[in-house]
Amino acid sequence: MRIIKDIKEMQMFSDKTRKQGKIIAFVPTMGFLHDGHKSLLKEGRKYDCLVMSIFVNPTQFGPNEDYNSYPRDMERDLRIAEEEKVDIVFNPEVKDMYPDGFKTYVEVKDLSKNLCGLSRPSHFQGVAAIVAKLFNIVKPNIAIFGQKDFQQMSIIKKMARDLNFDIDIIGMPIVREKDGLAMSSRNTYLNTKERDASLCIYRAITKAKNMFNKGARDTDEILKEVRKVIELEAASKIDYIKICDIETLEDIKIIKNKALLAIAVFIGKTRLIDNCVLSDMITPITKKTNYTDSDKEIGFKSV
Ligand code: AMP
């Protein structure tokens, strides 16, 4: 495994690799790796060359958010990267990615407005800018993202299409802890009490799935019950709970075949997000991954 910090060196490596006819798969991360990241790396390992970036991107954090305290452990991350047989870890410096005078952001209209865009208005322009930069540096054929950040994945897919990045974007299912909490680097902020409290999110998702499976299609009716489940937990504060169109991410009133239930909740000071696709169609699972039985029930699969 090679660690590259220099942008030019990364570009030269990728040029050489592509000239050899090899397919480069790319997994962008902010580090502090967990099994969710590992599932993306396992998918990426199926291709000739696997590049993972570790970069805590300052431009996607708001002024009062956790950029400085975001968990970091490079030694552990490199150990995991070795275990997952990553070829290249790209770990640039902030000063090289954002030199003085940096002025360019990428706005993906509409898709960035709802859900996390409501409370984090500049978040997605920072995400889209860093991913566009990483695409131009790593020059992958394939890039792999997690459905845990469903809105982010939709925005990246749209950006890649609109800006003609010749890159296939692959989405991978949410990986959860045994008790249902979606894995996240931010889970490390939770103390024992908050960790227990965080399970209200999965309970809420399960409630929605059960209602949907029993025939509920009116989103107000489902959301009312889902909110109740979260509000029962004293340590929780809802940022948003919404049911949206899976393509446009706009709120919908009635679910036709498929919809996205998206949740952002503060547990104490920690903001956690989660989601699930409510779908009539149970899609057969063909991939061997460690997502949970309940994900299988609603037919999560790579898209
Ligand atoms: P992050 O390091 O949090 O920026 O995440 C890097 C990538 O890992 C993103 O594409 C995330 O969507 C994905 N990811 C994070 N958590 C999970 C999870 N629990 N399951 C699947 N993918 C995840």
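Every number for a ligand or one of its atoms is a count from 1 in the order of the listing.
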Residue and atom name of the nearest protein heavy atom (relative to atom 20 (N) of ligand 1), distance in Å to one decimal: V175 N, 2.9 Å

Top protein contact for atom 10 (O) of ligand 1, by heavy-atom distance: G146 N, 2.9 Å

Closest approach of any protein heavy atom to atom 13 (C) of ligand 1, naming residue and atom: L40 CD1, 3.7 Å

Per-atom contacts of ligand 1 with F145, taking only distances under 4.0 Å to non-hydrogen atoms: 10 (O)

Identity and separation of the nearest protein heavy atom to atom 1 (P) of ligand 1: H37 NE2, 3.6 Å

Atoms in ligand 1 with a heavy atom of P173 nearer than 4.0 Å: 20 (N), 21 (C)

Heavy-atom nearest neighbour in the protein, as seen from atom 17 (C) of ligand 1, with distance rounded to 0.1 Å: K148 CB, 3.6 Å

Structural part of S184 in contact with ligand 1, heavy atom criterion under 4.0 angstrom: neither

For atom 15 (C) of ligand 1, closest protein heavy-atom neighbour: H34 CE1, 3.9 Å

For atom 6 (C) of ligand 1, the protein heavy atom that lies nearest, with its residue and separation: P28 O, 3.4 Å

Identity and distance of the protein heavy atom lying nearest atom 4 (O) of ligand 1: M30 CG, 3.6 Å

Subset of ligand 1 atoms that lie under 4.0 Å from at least one heavy atom of D149: 11 (C), 12 (O)

For T29, atoms of ligand 1 separated by under 4.0 Å from a heavy atom: 2 (O), 6 (C)

